[in-house]
*Asks:* 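Can you read through this structure? Questions will come right after.
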Amino acid sequence: MPPHSTGAAVDTHAHVFRPGLPLADARRHTPDYDATPTQYLALLDAHGLSHGVLVQPSFLGTDNHHMVDALRAAPDRLRGVAVVSPDITDAALQTLADAGVVGIRLNLIGLPAPELHAPAWQALLARVNALGWHVEVHLQAQRLQDVMPTLLAAGCRVVVDHFGRPDPALGVSDPGFQYLLQQADSGRVWVKLSAPYRNWQAPACAASGWLATQQLLLAFTPERLMWGSDWPHTEHRHVASYPAARQWLDAWIDDPTQRRIVLADTPLQLFQFQGDKK
């Protein structure tokens with residue numbers, strides 16, 4: 001076990017925002033409530049979690065400044081995943097890195113896949129790799145084949161959101177989910193055990209999450225899986241809560257050693273909580 005994992009636990013997926021921030025023109029959700037860094041850190045403390053990862057929400061687009069401010073205010077506890085355009089400057093990328101950003105996100109729900117083969121995107125992926133970052137993807141399982149081969153061919157480390165977003169009606173039988181399982185052999189794909197309610201309706205979401213977790217454990221082992229709360233559960237606050245999200249992981253993985261790897265060892269390393277950030 002890595003030397004810094006004792007007593008550590010990481011929530012790898014949360015968002016912070018407040019009303020009045022500039023919003024992306026193309027967005028699926030417009031929150032009318034606060035999700036503040038102070039609230040989030042208090043939730044981490046209340047649930048015995050030492051670290052958290054802030055993910056830029058889709059409705060804020062490429063304006064990462066609010067997330068960056070939160071990272072700078074808690075540099076020992078927080079890391080970030082930003083949304084950027086391929087024409088971002090090297091200086092702007094370095095500013096994000098200095099603040100604690102360790103990856104970029106491609107949130108493609110409701111959007112076409114970008115032209116990842118295009119020179120601008122290939123150049124961005126090379127710069128992401130040079131920084132030691134990963135690429136996080138959020139899209140339906142059936143669309144994973146649209147982006148993952150190119151990302152892996154570019155040498156990227158890939159983090160897949162929310163169980164890979166299998167089709168609710170098909171669950172683990174979704175061919176896209178089965179494709180995701182096959183990517184475990186690459187050694188460069190991680191999956192977040194998070195937000196089952198984005199895939200399956202309550203109350204079945206917890207049980208369906210358990211079934212998906214068992215298949216992911218067999219394919220990826222705990223060394224390639226992580227847990228995230230998805231706080232503040234945007235669009236799903238009526239069926240989710242932080243305590244429930246944390247309890248789901250205990251139900252999905254009852255082996256304490258495996259759970260420790262998922263909660264601590266794997267995310268501490270991937271999100272660069274241990275040692276100096278690159």
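Computed from a predicted structure; not experimentally measured.
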*Asks:* Test D161 against R198 for salt bridge (Lys or Arg N to Asp or Glu O under 4.0 Å), laying out the working first.
*Replies:* CA-CA 10 Å; D161 273 348; R198 298 190 185 276; over 6 Å; no

*Asks:* Do the side chain of W248 and the main chain of S229 share a donor and acceptor less than 3.5 angstrom apart?
*Replies:* no

*Asks:* How far does CD of E223 sit from CG of L270, to the nearest 0.5 angstrom?
*Replies:* 13.0 Å

*Asks:* Taking all non-hydrogen atoms of both residues into account, name the closest pair between G52 and L44 and its distance.
*Replies:* N-CD1, 3.9 Å

*Asks:* Does any non-hydrogen side-chain atom of P166 lie less than 4.5 Å from one of W200?
*Replies:* yes

*Asks:* Test your reading of the model: is there a side-chain donor-acceptor pair from W252 to the backbone of A206, 3.5 Å cut-off?
*Replies:* yes

*Asks:* Is it the case that the side chains of R165 and H138 hold a donor-acceptor pair, with the cut-off being a distance below 3.5 Å and no angle test?
*Replies:* yes

*Asks:* Given side chains that start at C-beta, do those of W133 and R157 come closer than 4.5 Å, heavy atoms only?
*Replies:* no

*Asks:* Does the side chain of L78 reach to within under 4.5 Å of the side chain of F273, using non-hydrogen atoms?
*Replies:* no

*Asks:* Might you point out which heavy atoms bring Q183 and S186 nearest each other, and give the distance in Å?
*Replies:* O-OG, 2.8 Å

*Asks:* Indicate yes or no for a side-chain donor-acceptor contact from Q214 to the backbone of W210 under 3.5 Å, with no hydrogens or angles considered.
*Replies:* yes

*Asks:* Output the distance between atom OG1 (T213) and atom CG (L225), rounded to the nearest 0.5 Å.
*Replies:* 7.5 Å

*Asks:* Between the side chain of R77 and the main-chain N/O of S50, is any donor-acceptor distance below 3.5 Å?
*Replies:* yes

*Asks:* Can you classify the ring geometry of H15 versus H13 as parallel (below 30°), tilted (30 to 60°) or perpendicular (above 60°)?
*Replies:* perpendicular

*Asks:* Taking all non-hydrogen atoms of both residues into account, name the closest pair between L144 and G164 and its distance.
*Replies:* CD1-O, 4.2 Å

*Asks:* Can any side-chain N or O of T62 pair as donor or acceptor with the backbone N or O of S85 at less than 3.5 Å?
*Replies:* no

*Asks:* Taking C-beta and beyond as the side chain, do L216 and R224 meet within less than 4.5 Å on heavy atoms?
*Replies:* no

*Asks:* Can R246 and L263 be said to form a side-chain contact (heavy atoms from CB on, under 4.5 Å), step by step?
*Replies:* CA-CA 10 Å; R246 181 61 191 83; L263 266 178; 3.3 Å; yes

*Asks:* Evaluate L49 against V10 for side-chain contact (heavy atoms from CB on, under 4.5 Å), listing each step before the verdict.
*Replies:* CA-CA 6 Å; L49 297 159; V10 185; over 6 Å; no

*Asks:* Before giving the answer on side-chain contact (heavy atoms from CB on, under 4.5 Å), spell out for V189 and L152 the whole-Å C-alpha distance, their side-chain angles and the decisive distance to 0.1 Å.
*Replies:* CA-CA 9 Å; V189 178; L152 292 173; 4.0 Å; yes

*Asks:* Judged by atom type as modelled, is there a donor-acceptor pair below 3.5 Å linking the side chain of N64 to the main-chain atoms of V83?
*Replies:* yes

*Asks:* Applying salt bridge (Lys or Arg N to Asp or Glu O under 4.0 Å), run through D11 and K192 and close with a yes or a no.
*Replies:* CA-CA 10 Å; D11 173 2; K192 289 186 180 181; over 6 Å; no

*Asks:* Is there side-chain contact between P37 and D69, with at least one heavy-atom pair below 4.5 Å?
*Replies:* no

*Asks:* Test your reading of the model: is there a side-chain donor-acceptor pair from Q56 to the backbone of M67, 3.5 Å cut-off?
*Replies:* no

*Asks:* Is a side-chain N or O of R143 found less than 3.5 angstrom from the main chain of G176, in a donor-acceptor match?
*Replies:* no

*Asks:* To check you understand the geometry: which heavy-atom pair defines the closest contact between F17 and P57, and what is its length?
*Replies:* CD2-CG, 4.5 Å

*Asks:* Any chance you could measure L71, atom CG, to D98, atom CG, to the nearest 0.5 Å?
*Replies:* 12.0 Å

*Asks:* What distance do S208 atom OG and F163 atom CZ have between them, rounded to the nearest 0.5 Å?
*Replies:* 9.5 Å

*Asks:* Taking atom CG of L139 and atom CG of N107, what is their separation to the nearest 0.5 Å?
*Replies:* 9.0 Å

*Asks:* Please determine, by modelled atom types, if Q94 and D90 share a side-chain donor-acceptor pair under 3.5 angstrom.
*Replies:* no

*Asks:* With rounding to the nearest 0.5 angstrom, report the CD to CD1 distance, E136 to I104.
*Replies:* 10.0 Å

*Asks:* Any side-chain to backbone donor/acceptor pair from T95 onto A91? Under 3.5 Å, distance only.
*Replies:* yes

*Asks:* What residue among R79, M226, H51 forms side chain to side chain contact (heavy atoms under 4.5 Å, CB included) with T12?
*Replies:* M226

*Asks:* Any luck finding a side-chain donor-acceptor pair between S194 and H162 under 3.5 Å?
*Replies:* yes

*Asks:* Locate the shortest heavy-atom distance separating P75 from R72; write the atom from each residue and the value.
*Replies:* CD-O, 3.4 Å

*Asks:* Would you sort out whether V135 and V159 count as a side-chain contact (heavy atoms from CB on, under 4.5 Å), showing the intermediate values?
*Replies:* CA-CA 6 Å; V135 178; V159 173; over 6 Å; no

*Asks:* Taking Q178 for its side chain and D174 for its backbone only, find out whether a donor-acceptor pair lies under 3.5 Å.
*Replies:* no

*Asks:* Quick check: do V262 and P222 have side-chain heavy atoms less than 4.5 Å from each other?
*Replies:* yes

*Asks:* Do T150 and H117 meet the criterion of a side-chain donor-acceptor pair at a distance under 3.5 Å?
*Replies:* yes

*Asks:* Quick check: closest heavy atoms across V172 and A212, and the distance to 0.1 Å?
*Replies:* CG1-CA, 3.7 Å

*Asks:* Are F177 and L170 close enough that some pair of their side-chain heavy atoms sits under 4.5 Å apart?
*Replies:* no

*Asks:* May I ask you to check whether D34 and T36 show a side-chain donor-acceptor distance below 3.5 Å?
*Replies:* no

*Asks:* Scan side-chain atoms only and decide if H47 and Y242 contain a donor-acceptor pair under the 3.5 Å cut-off.
*Replies:* no

*Asks:* Between R260 and D265, is a salt bridge (Lys or Arg N to Asp or Glu O under 4.0 Å) present by the stated rule, with each step listed?
*Replies:* CA-CA 7 Å; R260 190 81 211 143; D265 297 17; 5.2 Å; no

*Asks:* Are Q258 and L217 packed together at the side-chain level, in the sense that at least one heavy-atom pair is separated by less than 4.5 angstrom?
*Replies:* yes

*Asks:* Does atom CD (E115) have a neighbourhood of more than 12 heavy atoms from anything else shown, all under 6.0 Å?
*Replies:* no

